[in-house]
Chemist: 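This is the structure I want to talk about, given as structure tokens.
For ligands, and for the atoms within them, numbers begin at 1 and follow the listed sequence.
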Amino acid sequence: MERSKKPSAIGVGASLPQPTVSAKHGIIEASLPSGESVAVYLYGATVTSWKANGQEQLFLSQKTHLDGSKPIRGGIPLVFPVFGPPPQNHVTSPLPQHGFARNSTWEFLGKSSSEAGKGDLAVKLDFGLSHTMLSEEFRKAWPYEFGLVYSVTLTKGALRTSLQVTNEGKENFEFQVLMHTYLSVEDISNIRVKNLESKTYIDKTRNATSHTESSPALAITGETDRVYQGLDPATPIIVSSASDDQPLFSITREALTDIVVWNPWIEKAKGMADFGPDEAYQNMICVEAGSVSSWQTLEAGDSWEGGQSIKSRL
Ligand SMILES: O=P(O)(O)OC[C@H]1O[C@@H](O)[C@H](O)[C@@H](O)[C@@H]1O
């Protein structure tokens, strides 16, 4: 009689190398047998490192605080429930710039592994934040009962980050959300951002005036702080190298229809105490997928989910 084969947990031969996950000193690290890795701080559930193709893909300021005293400058800070300085006379007015998610301590909910096709593996890390976990100051400032589950999924050539927001209370609340991704680039002067042409944007460096993008390949030549609105999440935003016209990153989204493009350039970089070295503005570009140009309203008991998938060096 043939002995029944026990199915392995991840649906591939049990003897194959598996992803490894470690949790130490408030940092969760995962790596794939093929060499890719990711590191996430419980503080802010901030991804601080993503290595793919043998290289770091995210920019992390050398002067960042990593001790929980300030939001992390670099990686992927999560902006919730308000983007930028909160508007006046709004429920979010008492909150700091970009809300509380990036400066609250999350819990690690666990890991799961699966097959990502063609024999590749995926490892997913889940993080949670809820009303009762907030500091008293934040609980008072934003008194809604909510649950956030943030999932970070690493596969061979891509990193996916997704957020589920649940209204666990009895009254509606509204929120904005943004994945503030700092991409690492060799030289900002060689970078172009594609698939923004003909889109409306708010230029925060020019009194929040509205403009239409005319360039098929946006070059960054000075301080840049733009909120592009109403994009099709399925159309990738491509960050490419101008010298050889090769794509470096491709970002698709789900339910995130806005894209913020930010580079502080020379003076602003110097003015940020946690940004360094001063010239590092040349080695980063923030391409931030979000829902920030209006508010998402979540009714009692409802959930909302959005996310981004970043592919590197296609
Ligand atoms: O310094 P912070 O709070 O991390 O914000 C950095 C930048 O974040 C961007 O998303 C904003 O559009 C900019 O206006 C802001 O300067």
Chemist: Number the atoms of ligand 1 from 1 as they appear, then name those within less than 4.0 Å of a heavy atom of Phe83, with their elements.
Modeler: 10 (O), 12 (O)
Chemist: What do you reckon, is CG of Asn207 surrounded by more than 12 foreign heavy atoms closer than 6.0 Å?
Modeler: no
Chemist: Please answer whether the main-chain N or O of Trp50 pairs with a side-chain N or O of Glu56 as donor and acceptor at a distance below 3.5 Å.
Modeler: yes
Chemist: Among protein heavy atoms, which sits nearest to atom 12 (O) of ligand 1, and what does the distance come to when rounded to 0.1 Å?
Modeler: Asp225 OD1, 2.6 Å
Chemist: Identify, for atom 1 (O) of ligand 1, the protein heavy atom at the shortest distance, and state residue, atom and that distance.
Modeler: Arg73 NH2, 3.0 Å
Chemist: So is Tyr182 polar-close to ligand 1, meaning N/O to N/O under 3.5 Å?
Modeler: no
Chemist: Do Glu36 and Ser34 meet the criterion of a side-chain donor-acceptor pair at a distance under 3.5 Å?
Modeler: yes
Chemist: Determine whether the side chains of Asn190 and Ser243 contain a donor N or O and an acceptor N or O closer than 3.5 Å.
Modeler: yes
Chemist: Hey, which atoms in ligand 1 end up nearer than 4.0 Å to a heavy atom of Gln97?
Modeler: 2 (P), 3 (O), 5 (O)
Chemist: Out of Arg102, Lys268, His98, Lys204, whose heavy atom sits nearest atom 5 (O) of ligand 1?
Modeler: His98
Chemist: Nearest protein heavy-atom contact for atom 10 (O) of ligand 1: which residue, which atom, what distance?
Modeler: Glu288 OE1, 2.6 Å
Chemist: So, the side chain of Arg226 versus the backbone of Val261: is there a donor-acceptor pair under 3.5 Å, distance only?
Modeler: no
Chemist: Under 3.5 Å, is there a donor-acceptor pair between the Thr64 and Asp274 side chains?
Modeler: no
Chemist: What protein heavy atom is closest to atom 8 (O) of ligand 1, reported as residue, atom name and distance in Å?
Modeler: His180 NE2, 2.8 Å
Chemist: Among all the protein's non-hydrogen atoms, which is closest to atom 7 (C) of ligand 1, and how far away is it?
Modeler: Trp262 CE2, 3.5 Å
Chemist: Report yes if the distance between the aromatic ring centroids of Phe59 and Phe249 is under 6.0 Å, otherwise no.
Modeler: no
